[in-house]
Enquirer: 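Following this message is one structure expressed as structure tokens.
Keep in mind that this is a model prediction, so the values were computed, not measured. Chain identifiers are assigned alphabetically (A, B, ...) following the order of the sequence lines, protein sequences preceding nucleic acid strands; residue numbering begins at 1 within each chain.
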There are 2 protein chains.
Amino acid sequence: MKIEKEIKQDKFHSEYQKLAINILFTSNWLNSTTTKTLKPFGISSQQYNVLRILKGQSPNSISVNNIMERMIDKMSNTSRLVEKLRQKELIERVICEKDRRQVDVKITKKGIELLEKVKTEMNSFNLLTETISEKEAKIINKLLDKMRG
Amino acid sequence: MKIEKEIKQDKFHSEYQKLAINILFTSNWLNSTTTKTLKPFGISSQQYNVLRILKGQSPNSISVNNIMERMIDKMSNTSRLVEKLRQKELIERVICEKDRRQVDVKITKKGIELLEKVKTEMNSFNLLTETISEKEAKIINKLLDKMRG
DNA sequence: TAACATTTAATGTATGTACATATATTTTAA
DNA sequence: TTAAAATATATGTACATACATTAAATGTTA
């Protein structure tokens, strides 16, 4: 649906302003779908992002700082997020012996199993395949990368 | 910069998954720029969005529900956001006489003046003009609209 | 018209988030 | 070698947000 209709605004100052608004709106749209899907599993979309990052490194562990660099939404309090996941026993935290400032984080078996279960219900990406082609997806990806400079 | 480098992930499950992540990442990127610009003015990006909506209707007033429908991020507690703006005297609230459930909201002179001041510093849209062409912006807008179905 | 449903906005509560600051450890350089 | 700087993570605080619930006014219908 046209962004004009989605937010009931019939004209924009420029095509660039419209683009910024369109990206923000589409991001919220995607995020709310994901949040709803994750709700029954008891994790937020940010926690899901961290779990996926850790699964990508598994069976190795990575530092909190390293997690932050890989997050979609680079936030200042990754440690609190990690602590929440630890309380749910989805990850493990060990103080690094080589550098005692660092904390090594690793996904647990329980964490991997949760991701497996989520996977089957995670249809926000599949949703996109019904409306645009892979070629079109590639075009947007290329232009967004260019846009950020 | 390529999204792969931005979040240190060298490959994605599909072009569609990459797209979803790219949109979320770009949205955060845009939002953090806007937030930083607005900080000295003492308003959040959501409050800025509401002010702009009200300016678009000025000198008429619209209901809280109507504001919500026009917001980029349709949140459930628009009334609290409106109350924050009222405390800063940037908007006015009057209970509608025709339908006493409804609250009519209108931007004040002070609110409009704030928007004028913000305008000169609001360069997040201008930022985009340096990296992509108007034609390219149009392409992304069209595809994002198509994507959401 | 009385009872029930719907609409509009506000609020309670728990959790999330940003930002500044603190603490511990390691690195650098005088 | 020791003081200062840098790094990695954690925490305090104020504010934001999601979601469910409440409250008041209006609409609908038996």
Side-chain angles (χ1 to χ4, degrees), chain A residues 24 27-50 54 61-88 91-106, chain B residues 24 27-50 54 61-88 91-106:
Chain A
L24 293 168
S27 172
N28 287 327
W29 177 78
L30 281 171
N31 204 51
S32 72
T33 315
T34 310
T35 303
K36 270 174 209 150
T37 310
L38 293 174
K39 186 120 210 247
F41 298 98
I43 54 167
S44 67
S45 56
Q46 300 240 39
Q47 289 173 11
Y48 176 66
N49 188 209
V50 171
L54 291 174
S61 54
I62 56 170
S63 71
V64 173
N65 204 30
N66 202 331
I67 293 172
M68 194 182 71
E69 286 175 347
R70 291 163 190 274
M71 285 179 74
I72 296 170
D73 188 0
K74 288 160 184 34
M75 56 194 289
S76 50
N77 56 342
T78 309
S79 46
R80 256 186 279 233
L81 213 51
V82 165
E83 174 56 16
K84 286 277 163 64
L85 291 169
R86 195 199 57 75
Q87 281 169 18
K88 292 170 195 156
I91 60 143
E92 276 171 1
R93 283 176 28 135
V94 184
I95 289 168
C96 175
E97 277 312 314
K98 282 188 184 166
D99 181 343
R100 294 175 50 74
R101 288 169 303 184
Q102 218 171 277
V103 173
D104 288 336
V105 187
K106 198 173 93 174
Chain B
L24 293 168
S27 172
N28 287 326
W29 177 78
L30 280 171
N31 205 50
S32 72
T33 314
T34 310
T35 303
K36 270 175 210 151
T37 309
L38 292 173
K39 186 120 210 248
F41 298 99
I43 55 168
S44 67
S45 57
Q46 300 241 41
Q47 289 174 10
Y48 177 67
N49 188 208
V50 171
L54 291 173
S61 54
I62 56 172
S63 72
V64 173
N65 205 28
N66 202 330
I67 293 172
M68 196 181 68
E69 286 174 347
R70 292 165 190 270
M71 284 179 75
I72 296 171
D73 187 359
K74 289 161 182 36
M75 55 194 291
S76 50
N77 55 345
T78 309
S79 45
R80 257 187 276 233
L81 214 50
V82 165
E83 173 56 16
K84 286 276 162 67
L85 290 170
R86 195 199 57 74
Q87 281 168 18
K88 292 171 195 156
I91 61 141
E92 277 172 3
R93 283 175 28 136
V94 183
I95 288 167
C96 175
E97 277 312 312
K98 282 186 181 166
D99 183 342
R100 293 177 51 75
R101 290 170 300 184
Q102 219 170 277
V103 173
D104 289 335
V105 187
K106 198 173 92 174

Enquirer: Ignoring hydrogens, what is the shortest heavy-atom contact between B/V64 and B/S79? Give both atom names and the distance.
Expert: CG1-N, 4.1 Å
Enquirer: Between A/D73 and A/C96, who's closer to the 5' end of DNA chain C by nearest nucleotide?
Expert: A/D73
Enquirer: A/K84 side chain: which of D/dT9, C/dG16, C/dT11 is closest?
Expert: C/dG16
Enquirer: Name the closest nucleotide to the A/R100 side chain, picking from D/dA10, C/dT25, D/dC19.
Expert: C/dT25
Enquirer: Taking any heavy-atom pair under 4.0 Å as a contact, classify B/T78: base, sugar-phosphate, or nothing.
Expert: nothing
Enquirer: Name the closest nucleotide to the A/Q46 side chain, picking from C/dT6, C/dT17, C/dT26.
Expert: C/dT17
Enquirer: At what distance, to the nearest 0.5 angstrom, does CD1 of A/I67 lie from OG of A/S61?
Expert: 9.5 Å
Enquirer: Check the distance between D/dC19's P and B/M68's CE and give it to me in whole angstrom.
Expert: 13 Å
Enquirer: Which is more 5' along DNA chain C, the nucleotide nearest B/S79 or the one nearest B/K36? Just name the residue.
Expert: B/S79
Enquirer: C/dG16, OP1 or OP2 - any side-chain N/O from A/Q47 closer than 4.0 Å?
Expert: yes
Enquirer: C/dT17, C/dT13, C/dT8: which one has an atom nearest the side-chain heavy atoms of A/N77?
Expert: C/dT17
Enquirer: Check every atom of C/dA10, C/dT7, D/dA6 against the side chain of B/R101 and return the nucleotide holding the closest atom.
Expert: C/dT7
Enquirer: Looking only at the side chain of A/D99 (C-beta and beyond, no hydrogens), which of the listed nucleotides C/dA10, C/dT26, D/dA16 gets closest?
Expert: C/dT26
Enquirer: Go through D/dA25, D/dA8, C/dG16 for me and flag the one nearest to the A/N65 side chain.
Expert: D/dA8
Enquirer: B/R80 side chain: which of C/dG12, C/dG16, C/dA9 is closest?
Expert: C/dG12
